[in-house]
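Below is one structure, written out as C-alpha cells, with a few remarks after it.
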Amino acid sequence: MKNLSYESIIKEIKRRLSIVSLIEAYLSLKRSGKNFVGICPFHDDKNPSLQVSEEKGLFHCFSCGAGGDIFGFMMRYNNISFPEAIVELAKRADVPLERQYRSPAREKSIADALFRINSLTCKFYHKALLESQEGKEALNYLSARGISLEMVKEFNLGYAPSSWNTLTKLLAAKNIPLGTAEEIGLVIKRQNKDSYYDRFRGRIIFPIKDVDGKVVGFGGRTISGEEPKYINSPESEIYHKKSILYGLDRSRDYIRREKHAVVVEGYMDFLSLFYAGIRNAVATLGTSLTREHAII
Ligand SMILES: [Zn+2]
C-alpha cells in the first residue's frame with residue numbers, strides 16, 4: 001500500500017513535468033529531430049553530447065554516460081538525494097505529498113532530537129550508577145561478574161533508580177515532551193491518565209549504540225531477581241533491532257582486520273570477551289542474525 005502511493009506520486013510528477021522544460025531551466029537545449037541536445041553539465045563537454053527525449057522522459061550523455069529521468073537529473077545536477085528530488089519536483093509539479101510524508105531535512109531533525117534525549121538519559125543513568133547509593137550495589141554486582149570500573153566508563157553503563165519516576169521528572173524538568181520520550185520507550189503512559197512512569201527501574205543499564213556510537217536504545221538487567229531478567233527499548237524511529245548489533249561501534253575495525261566476528265548473545269558475554277582482549281565481537285541481543293546484520 002505504502003509502495004503503491006509512493007510509486008503513484010512519482011508517476012504523477014513525471015506525467016506533469018516536461019523533462020525538456022526542467023533541463024532548459026539549467027542549460028540551453030536545441031531541437032534535433034524528435035529529440036533535444038545540449039552541452040552536458042556532467043563532464044567538460046565541447047560538443048553538445050547531451051540528448052533529451054521528451055517522449056521517453058529521459059536524458060543521456062553520449063560522451064560521459066550520464067543519464068536518467070527528471071529525478072536523476074535533479075539528483076545529479078543539484079547533488080541531492082532521491083527523496084529530496086521528490087520533494088523538490090512535487091512542489092514544482094504541484095503534486096501534494098501525503099501529510100505524513102516527511103522531507104529528509106525534517107526526518108533528520110526528528111532523529112537528532114530523539115538521539116539528544118537518549119544521550120541525556122544515558123548520562124543520567126551513568127551518573128546514577130557512579131554516584132548514587134543504589135548505584136553502589138549495582139557497581140558491586142558488576143564487579144562481581146568481572147566488569148571493571150574501566151569497562152563501566154568505556155561502555156557508559158548506567159543504573160536506573162528503582163523509583164517510578166526519577167527519569168520522568170528529569171525529562172519533564174528539561175522540557176522534553178514526555179510523548180516523545182514514550183516514542184523511544186524511555187517512559188510509559190499510564191492507562192487512561194495523562195501521566196507517565198519510567199520504563200527502566202532498579203536495573204543496570206546498557207546503552208545500545210549504532211555504528212556511529214549514537215545511543216539508539218537501552219537494555220536493562222535486573223539486580224533484584226525481578227522478572228524478566230532483561231528488558232529492552234522497543235523498536236522506534238531510531239532503533240531498528242534487525243540492523244543493530246551491540247558493540248559494533250567499538251569492534252568494527254577489529255572485525256575488518258580479523259575478517260570475521262565472534263557473535264554472542266548478550267551484553268555481559270560481549271563485555272567479558274572485550275575485557276579479555278577479544279575485540280572482534282558483537283552481541284545480537286537475542287534477535288536471530290538477519291540478512292541486514294550480515295550486510296553490516
Ligand atoms: Zn556528459
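Atoms within each ligand, like the ligands themselves, are counted from 1 in listed order.
- Between the side chains of Lys241 and Asn232, not a single donor N or O lies within less than 3.5 Å of an accepting N or O.
- The side-chain contact (heavy atoms from CB on, under 4.5 Å) test with Phe206 is passed by exactly one of Phe155, Tyr246, Phe270: Tyr246.
- In this structure, Arg145 satisfies the cation-pi test against Tyr141, with its NZ or CZ atom closer than 6.0 Å to the six-membered ring centre and inside 45 degrees of the ring normal.
- Salt bridge status for Lys14 with Asp69: present, with a side-chain N to carboxylate O gap under 4.0 Å.
- Relative orientation of the Phe59 and Phe42 rings is tilted, given thresholds of 30° and 60° on the angle between their planes.
- Ser132 places no side-chain N or O within donor-acceptor distance of the main-chain N or O of Leu129, the cut-off being under 3.5 Å.
- Distances shorter than 2.8 Å separate the Zn ion (ligand 1) from the protein N/O/S atoms Cys40 SG, His43 ND1, Cys61 SG, Cys64 SG.
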